[in-house]
Amino acid sequence: MAAVLNYEPLVLSPRRESPALTPIQEEILALKRERKAVILAHNYQVEAIQQVADYVGDSLGLSYHAQAAQADVILFCGVHFMAETAKIVNPGRTVLLPDLDAGCSLSDSCPAKRLAAYKAAHPEAYVVAYINCSAGVKALSDVICTSGNAVRIVNRVPADREILFVPDQNLGQWVAQQTGRTMKLWPGSCYAHVQFTVRALEKVRLQFPHAPVVAHPECVQAVRDLADEVCSTELMVKFAKENPANEIIVLTESGMLHRLRREVPGKTFIAGPTDTCACNDCRFMKLNTIEKVRDALKNLSPVIEVPEPIRAAALVPIQRMLDWSRP
Ligand code: 13P
Ligand code: SF4
């Protein structure tokens, strides 16, 4: 059996100055100008990618920015469903993803064919789909949500409709608790977030007894119940700014710590540990490297394409989400 809980926590302490750009990062900025590109990056990307991005954020912020982008090229540093969403909302741009294998276990847990079969058997279901799903699943859904707006979106669904929430059962369970709405939950989960355990959290809390805990809603309920705040990655930045504590334990993918350290420079962030590791990397997010970002801009590849009938059908529930969640 693997050794458990045998590690030192990953702690990012305040760093006042941004590190200088490396030659490859400089090359990317030059290529970006040449290609008339914009770089959008998710909070889970490595620090070197976050540093060259025009915008770094959560799935909701990235969707708005993708839709508003005027550049010829959107280089999307995240996973496949995110780049696909950018193409759906802004089809006139060339959308690039540095590594086409950057998928998502959660998205894979809900194949469009299985959702179509469910809908055929339950035509009355109102499908609320977490954005972590394929374009094919979005095309079959009534409205999309992200972790940042899921409560608001579910609250807008007509009260007489029976909701099927896909594909994340943990986020769905949390939203049901927040809204009081009964929902059927698709049995999917994020392989990375379910690795956070009560045992590992208790261990790190002994070392940082005064640090509040902020957790992503994709964590299991037993872990969420121990958190001081449960929210999307973007709202974690707000929490870190507003909470008076100087040390904060962060239960989500480890790339988030770079964003937090940059935006909240005076504080110390402790990566949420798992039973076997001091931090939690999403293996899909981490397929994107700074070299692949450079190569994507150089070669204008790999390109994300979505067949037009699926794109047009998927845009409807995405647009509904954007309209329902506009501040
Ligand atoms: P956010 O939208 O909160 O950034 O979450 C995206 C994600 O993939 C979480 O695993
Ligand atoms: Fe998917 Fe989980 Fe990775 Fe997010 S962290 S992209 S939900 S596998």
Side-chain angles (χ1 to χ4, degrees), residues 40-46 49-50 53 55-66 76-86 97-110 128-134 137-138 144-153 165-172 174-175 178 186-196 214-220 223-224 227 229-240 250-260 263 271-272 274 277 279-288 318 321-322 325:
L40 305 182
H42 188 264
N43 289 320
Y44 296 165
Q45 293 296 284
V46 293
I49 294 180
Q50 292 196 21
Y55 176 77
V56 183
D58 71 350
S59 310
L60 183 60
L62 287 164
S63 304
Y64 281 120
H65 276 78
F76 204 106
C77 300
V79 291
H80 193 272
F81 74 81
M82 295 178 173
E84 216 175 39
T85 304
L97 179 67
D99 189 322
L100 273 188
D101 289 331
C104 169
S105 65
L106 179 54
S107 173
D108 291 347
S109 70
C110 185
V128 179
Y130 185 31
I131 198 164
N132 296 37
C133 63
S134 66
V137 166
K138 289 184 175 80
I144 306 303
C145 70
T146 71
S147 56
N149 64 14
V151 169
R152 189 172 178 153
I153 296 294
F165 190 93
V166 304
D168 190 43
Q169 59 187 314
N170 293 305
L171 173 67
W174 179 73
V175 173
Q178 301 299 305
W186 193 268
S189 57
C190 161
Y191 91 94
H193 282 85
V194 298
Q195 290 185 52
F196 293 117
V214 60
H216 197 275
E218 288 173 17
C219 296
V220 297
V223 167
R224 292 196 313 266
E229 180 73 338
V230 177
C231 60
S232 72
T233 58
E234 195 60 36
L235 291 176
M236 287 181 184
V237 177
K238 186 171 181 283
F239 175 82
V250 183
L251 295 189
T252 195
E253 211 269 356
S254 58
M256 187 63 211
L257 270 70
H258 302 303
R259 170 88 197 282
L260 286 166
E263 297 235 3
T274 68
C277 189
C279 65
N280 203 350
D281 280 341
C282 166
R283 64 172 178 267
F284 304 107
M285 286 279 180
K286 293 306 189 300
L287 282 176
N288 295 327
I318 296 176
M321 167 188 83
L322 294 174
S325 54

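Sequential numbering from 1 along the given sequence is applied to the chain's residues. Whatever order the structure lists them in is the order used to number ligands and atoms, beginning at 1. Keep in mind that this is a model prediction, so the values were computed, not measured.
Scanning both residues, Ile49 and Ala41, for their nearest heavy atoms gives CG2-CB, 4.3 Å. Nearest heavy atoms, Trp186 versus Ser109: NE1-O, 3.0 Å. Scanning all heavy atoms of the two residues, the minimum distance from Thr233 to Met256 falls at O-CE, 3.1 Å.
Around atom 3 (Fe) of ligand 2, protein N, O or S atoms at less than 2.8 Å comprise Cys282 SG.
Between the Tyr191 side chain and the Arg283 main chain, a donor and an acceptor come within less than 3.5 Å of each other. Checked by atom type and distance alone, the side chain of Lys138 pairs as donor or acceptor with a backbone atom of Cys133 at under 3.5 Å.
Residue Glu253 forms a side-chain hydrogen bond (donor to acceptor under 3.5 Å, both in side chains) with just one option from His42, Lys286, Gln45, and that option is Lys286. Screening Ser59, Ser63, Cys77 against Met82 for a side chain to side chain contact (heavy atoms under 4.5 Å, CB included) leaves a single residue, Ser59.
Applying the salt bridge (Lys or Arg N to Asp or Glu O under 4.0 Å) criterion to Glu234, with sequence neighbours excluded, gives Arg259. In terms of the salt bridge (Lys or Arg N to Asp or Glu O under 4.0 Å) criterion, residue partners of Asp99 (sequence neighbours excluded) are, by chain and number, Lys292.
Protein neighbours of ligand 1 below 4.0 Å, counting non-hydrogen atoms: His42, Tyr44, Asp58, Ser59, Tyr130, Asn132, Ser147, His193, His216, Glu218, Ser232, Thr233.
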